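One structure is given below, encoded as structure tokens.
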Amino acid sequence: MEYKLTAKMFAEALKENRLLGLKCNRCGAYTVPPKKVCLECASEDLEVVELSGWGQIQTFTVIQVPPEGFEAPYIVGMAELDEGPWLMGNIVGVDPDEATMDLIGKRVKLGHKIHPGDKFSAGEMVAVTFSPQT
Amino acid sequence: MSRRARKLGRGVALVGAGMSKFGAFPDKTSRDLFADAFTAMTRSVDKGMDTEDIEALYVGNFSSDLFEGQGHIAPIMADWVGLVPKPATRLEDACASGGVAIREGVIAIASGLYDVVLVGGTEKMTNLPTERVTDTLAAASDTVYEGACGFTFPGLYAAMATAYMARHGASVEHFMKVGIKNHNNGSLNPKAQFNKSIRDLMNSRIEKAKQKGEPVPEWSDELDFLKDPKANPVVAWPMRLFDCSPITDGAACVLLVAEDIAKNFSNDPLYIVGTGQGSDHALHERDDLTSIAAARIAAQQAYEMAGVQPEDIQIAEVHDCFTIAELVAIEDLGFFKHGEGYKATEQGLTARDGSKPINTSGGLKSKGHPVGASGVGQAVEIWHQMRGEAGPRQVPGKDIRLALTHNVGATGGTCVVHIYQRR
Ligand SMILES: [Zn+2]
């Protein structure tokens, strides 16, 4: 059984601000980021679809002590996509020092950011970004 | 899905338990710490033991490879305490490695393969600078999708904390109260890394400022101290330094034997009557960020096997790698309703003299968190408390017959729960 959508294909599309995911032909759930089986029912009967890229912030944190290669402070969070699944990414366009609980529930549009990668990753990494819409 | 109730093939007893001091020890490697824990364990066996009796070793360790540049540590630990050529196996499930090692030891005895098994855990973390430790711990999350956006390990728990506040109306003060409680317990534990209460720490900072002739901070109480960003800086909002368990060197060991020979070793053995373990998706794929499904599953398995209910458990050591984690744990284990853990903590119910004492050892927060050893360290505290040997931190006025340990790997990708009985 081959992968329908690999991490590499997901990242390449994300670089064009296109969010690819897997729709389950058995239960209808979306699996994003992709994996071999449906997140909800573990079925392998999946098809590649493009999602809207819109969602709503569910939680966040402001990182003050970063890992190697990142510069603090920055905001990471999770959004519930309009199609259902949750996705994690960097919340951008908001001053990390001004971030408050008001962020929760904000409507966001998906984008991307390229990170040069570390010694364990095979080259660059592509991160999801969320821009709150006013 | 049909599921049969799981039972052990035969009973398993705990007849000895000991730990090294937890802390930062520049002069000690993981094998030295392991040997310290082994020695402490052998001294705790009432009727004595012979190393020759031990048939196999299971050792929990997260990342000696990255922390010390040393892989394949199980045979080294076996060699260090004189077990070669007995089988020696390392278990890795991030911060749950120690608890999983106990479970594998239990399964090995219950299967009938062995009668006497040594279970240990060891981790040497302080060789690396904090930034590299942060990276190494982050390796236990999903490095492909969580790593790209710079999520750290404290950051993932902070995201759970934010969700908990939004859902239940808790505040950062409620997290701080978990830390204050656990430091109060740890101040009475001579093996703890920080055996000081938050008030002691606060007072010693004031004393230091006076001695140096610096402006003396005017903190009115512990909460005031913890809210001061200079004394307690943010690591990943809303988690501050004192919400995070420290970077720790340490090891712990327990001796497990078949139930029918327990009295050959111990006058007062403990019996492992429930064991459970579960796994879960990465954090962004969870249905609920304020609960850990693997913990609920592991607890349910352990309660079913033991034939007991959450209210029957008299004390518990739970995985408080961050203060939010303890609140989630005491709810997932069924001690308190979902969303009520913070209120119970505020009311003192989880304090040493409360109705449900949690983390009498000081927890990972105050005792220290040498990740692969922590799960075994929890069993060491249960051993002391159930046998009435916990000294000044002994839970008052309780004849403890049932106790529980809860050990989580990373953000809940693994959770293992054990229930101990004293007969
Ligand atoms: Zn499905």
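Values reported hereafter were calculated over all heavy atoms of this structure, with side chains retained and with hydrogens, waters and symmetry mates removed. Proteins come first, then strands; the chains are lettered A, B, ... in the order of their sequence lines, and each starts at number 1. Since this is a predicted model, take the numbers as computed values, not measurements.
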Please rank A:Pro33, A:Ala7, A:Gly89, A:Ala79 by heavy-atom pairs under 4.5 Å with chain B and give me the top one.
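So the answer, after comparing A:Pro33, A:Ala7, A:Gly89, A:Ala79, is A:Pro33.
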So which of A:Val128, A:Thr129, A:Asn90 has the biggest tally of heavy-atom pairs under 4.5 Å with chain B?
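It is A:Asn90.
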A side-chain contact here means heavy atoms from C-beta on lying under 4.5 Å apart; do A:Leu39 and B:His281 qualify?
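A:Leu39 reaches B:His281 side chain to side chain.
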Is it true that a side-chain atom of A:Thr61 and a backbone atom of B:Trp237 form a donor plus acceptor pair closer than 3.5 Å?
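Judged by distance alone, yes, a pair lies under 3.5 Å.
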With distance as the sole test, does A:Tyr74 use its side chain to make a donor-acceptor pair with the main-chain N or O of B:Gly150 at under 3.5 Å?
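Yes; at least one donor-acceptor contact below 3.5 Å.
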Please give me the minimum heavy-atom distance between [X] and [Y], naming the atom from each residue.
X        : Y        : value
A:Val65  : B:Thr152 : O-CG2, 3.6 Å
B:Ala166 : A:Met101 : N-CE, 3.6 Å
B:Ala236 : A:Ile63  : CB-CD1, 4.1 Å
A:Met78  : B:Leu283 : CE-CD2, 3.5 Å
B:His284 : A:Val32  : CD2-O, 4.3 Å
B:Thr162 : A:Ile104 : CG2-CD1, 3.7 Å

Atom [atom1] of [X]: over 12 foreign heavy atoms under 6.0 Å:
X        : atom1 : value
A:Glu71  : CD    : no
A:Lys109 : NZ    : yes
B:Asp287 : CG    : no

Tell me, out of B:Pro154, B:Ala159, B:Ala158, who's got the most heavy-atom pairs with chain A below 4.5 Å.
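The candidate making the most pairs under 4.5 Å is B:Ala159.
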Going through the distances and angles, do B:Thr134 and A:Glu68 end up as a side chain to side chain contact (heavy atoms under 4.5 Å, CB included)?
CA-CA 8 Å; B:Thr134 302; A:Glu68 223 172 326; over 6 Å; no
Between [X] and chain B, with a heavy-atom cut-off of 4.5 Å, which part of the residue counts as in contact: side chain, backbone, both or neither?
X        : answer
A:Pro66  : backbone
A:Lys113 : neither
A:Phe70  : side chain

Using 0.5 Å steps for rounding, measure from the [atom1] atom of [X] to the [atom2] atom of [Y].
X        : Y       : atom1 : atom2 : result
B:Met165 : A:Thr59 : CE    : OG1   : 8.0 Å
B:Cys149 : A:Ile91 : SG    : CD1   : 10.0 Å
B:Met239 : A:Gln64 : CE    : CD    : 14.0 Å

Step-by-step side chain to side chain contact (heavy atoms under 4.5 Å, CB included) determination, B:Glu285 to A:Trp86
CA-CA 6 Å; B:Glu285 295 176 342; A:Trp86 287 33; over 6 Å; no
